[in-house]
Peer 1: 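Below: one structure in structure tokens.
Numbering of ligands and ligand atoms starts at 1, following listing order.
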Amino acid sequence: MAPLIVANWKMNPATLKEAVTLFSAVKEAGAVICPPFVYLSALKANGAQDCFWENPPAGGGAYTGEVSPQMLKNLGVEYVLIGHSERRKYQGETNEVAEKKLKAALAAGLKPILCIDKISQLPKDIKEGFIVAYEPLFAIGTGKPCSFEMADEMIVAIKNKVKVTVLYGGSVNSQNAADYIKKAHCDGLLVGGASLKPAEFIDIVKNAC
Ligand code: PGA
């Protein structure tokens, strides 16, 4: 199976115009693109960066500022990042919250991508076929990628626990993308900073696939 490449734009870019330009430059690459919520409907993107932890039966409810998994599904979104380390750091998200989000996303028919940096963050009832992104904290947004050996050790340990799809994330670029796939047994990549540079991101996809 072709590796799953996911672009996490984080809180970028600052205008819809720039988002449209960036999206048109990378959409043919066939990756999952996760822009900020405000650009989702204009771009018809297939990924989101977060969702609320409850999926009310009506698809909505009295939760100011939140976006329900059902709303994302209704927009045509397919994948959603859950428990990204920046949400854990800045929004105080815990493993419990991430697990609730995971369940709510699944209930809405989305494909959640659970981001972890330790095996202990895997939910007890994690099932075969789920998608997990291993992202060591020291490598996220730092330009200091994890060694292939260390990534391999973690990814194999996760897969030995449960047969899930495992992505690697943290300072991925066009130079190291292929080696993560070949040497670290990962099934794809979660790309932050480099996904905002169209030529670099397209090279990541080409080199990884
Ligand atoms: P980075 O971010 O590629 O900029 O290190 C990865 C991520 O946060 O998912």
Peer 1: In a table with atom names and distances, give each donor-acceptor pair under 3.5 Å that connects a side chain of residues 53-60 to protein atoms at least two apart or in another chain.
Peer 2:
from, atom 1, to, atom 2, distance (Å)
Glu54, OE2, Tyr63, OH, 3.2
Asn55, OD1, Gln70, N, 3.0

Peer 1: Heavy-atom contacts with ligand 1 below 4.0 Å: which residues, ordered by chain and residue number?
Peer 2: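 If the criterion is a heavy atom under 4.0 Å, then ligand 1 touches Asn8, Lys10, His84, Glu135, Ala139, Ile140, Gly141, Gly170, Ser171, Leu190, Val191, Gly192, Gly193.
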Peer 1: Sequence neighbours left out, cut at 3.5 Å: what donor-acceptor pairs do the side chains of residues 105-120 make with other protein atoms?
Peer 2:
from, atom 1, to, atom 2, distance (Å)
Lys111, NZ, Glu78, OE2, 2.7
Asp117, OD1, Gln121, NE2, 3.3

Peer 1: Scan for side chain to side chain donor-acceptor pair (under 3.5 Å) pairs involving residues 27-43, sequence neighbours excluded, and state none if there are none.
Peer 2: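 Every pair satisfying side chain to side chain donor-acceptor pair (under 3.5 Å) with a residue in residues 27-43: there are none.
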Peer 1: Return the minimal non-hydrogen interatomic distance between Trp9 and Ser195, and the atom names on each side.
Peer 2: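 Nearest heavy atoms, Trp9 then Ser195: CD1-OG, 3.5 Å.
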Peer 1: Should the pair Lys101-Glu93 be classified as a salt bridge under the 4.0 Å nitrogen-to-oxygen rule?
Peer 2: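 Looking at Glu93 together with Lys101, the answer is yes, because their closest N to O distance falls below 4.0 Å.
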Peer 1: To check you understand the geometry: which heavy-atom pair defines the closest contact between Val162 and Lys127, and what is its length?
Peer 2: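 Heavy-atom minimum between the residues: CG2-C, 3.9 Å.
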